[in-house]
A.B. asks: 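Please see the structure below; I have some questions.
Given the structure is predicted, the values throughout are model-derived calculations rather than measurements.
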Amino acid sequence: MSVLANKTQRKAIKVIANTLRFFQDTNLLFVSAEDAFAIRHAEIMLRAVVESNGYKDHYQKGKGTKILKDKKQKYHANELF
């Protein structure tokens, strides 16, 4: 059971980002269509958690996973300035 908070900690984002690199190799394995769909859905959901908290993940072999704060401001379509 997890402890719920108002904002997700950077450490939790880092753990999620670390798991995302393992999804890259699943396309080389023999997986059923249903399982491939579930795996892809899980990857999208985990990536959405990282990005909704304002981070981007970057994995480099030998150096590990880094999470970078997304510095782009998010503008909505109805904002003029």
A.B. asks: Side-chain heavy atoms under 4.5 angstrom apart, residues restricted to Ile, Leu, Val, Met, Phe, Trp, Tyr: same cluster for Leu20 and Val31?
C.D. replies: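 Same cluster: Leu20 reaches Val31 through Ile, Leu, Val, Met, Phe, Trp or Tyr contacts under 4.5 Å.
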A.B. asks: Taking the six-membered ring of Tyr55, is NZ or CZ of Lys69 closer than 6.0 Å to its centre and within 45° of its axis?
C.D. replies: yes
A.B. asks: Nearest 0.5 Å, what's the CD1-CD distance between Ile44 and Glu51?
C.D. replies: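 Between Ile44 CD1 and Glu51 CD, I get 11.0 Å after rounding to 0.5 Å.
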A.B. asks: Give the minimum heavy-atom separation between Leu46 and Phe23, together with the two atoms involved.
C.D. replies: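 Closest pair (atom of Leu46, atom of Phe23, distance): CD1-CE1, 3.8 Å.
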A.B. asks: Would you mind listing every salt bridge (charged side-chain N to carboxylate O under 4.0 Å, His left out) that reaches into residues 8-22, with sequence neighbours excluded?
C.D. replies: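 For residues 8-22, and leaving out neighbouring residues, there are no salt bridge (charged side-chain N to carboxylate O under 4.0 Å, His left out) pairs at all.
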A.B. asks: Applying salt bridge (charged side-chain N to carboxylate O under 4.0 Å, His left out), which residue pairs with at least one partner in residues 26-49 are found, sequence neighbours left out?
C.D. replies: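 Those involving residues 26-49 are Arg40-Glu43, Glu43-Arg47, Arg47-Asp57.
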A.B. asks: For Ala17 and Ile67, work out which heavy atoms get closest and say how close.
C.D. replies: CB-CG2, 3.5 Å
A.B. asks: Which atom names give the shortest non-hydrogen contact between Asn53 and Val49, and what distance separates them?
C.D. replies: ND2-O, 2.8 Å
A.B. asks: Tell me whether Phe22 shares a hydrophobic cluster with Leu29, the cluster being built from Ile, Leu, Val, Met, Phe, Trp, Tyr side chains joined at under 4.5 Å.
C.D. replies: no
A.B. asks: For Tyr59, look at atom OH and say whether over 12 heavy atoms of other residues, nucleotides or ligands are found less than 6.0 Å away.
C.D. replies: yes
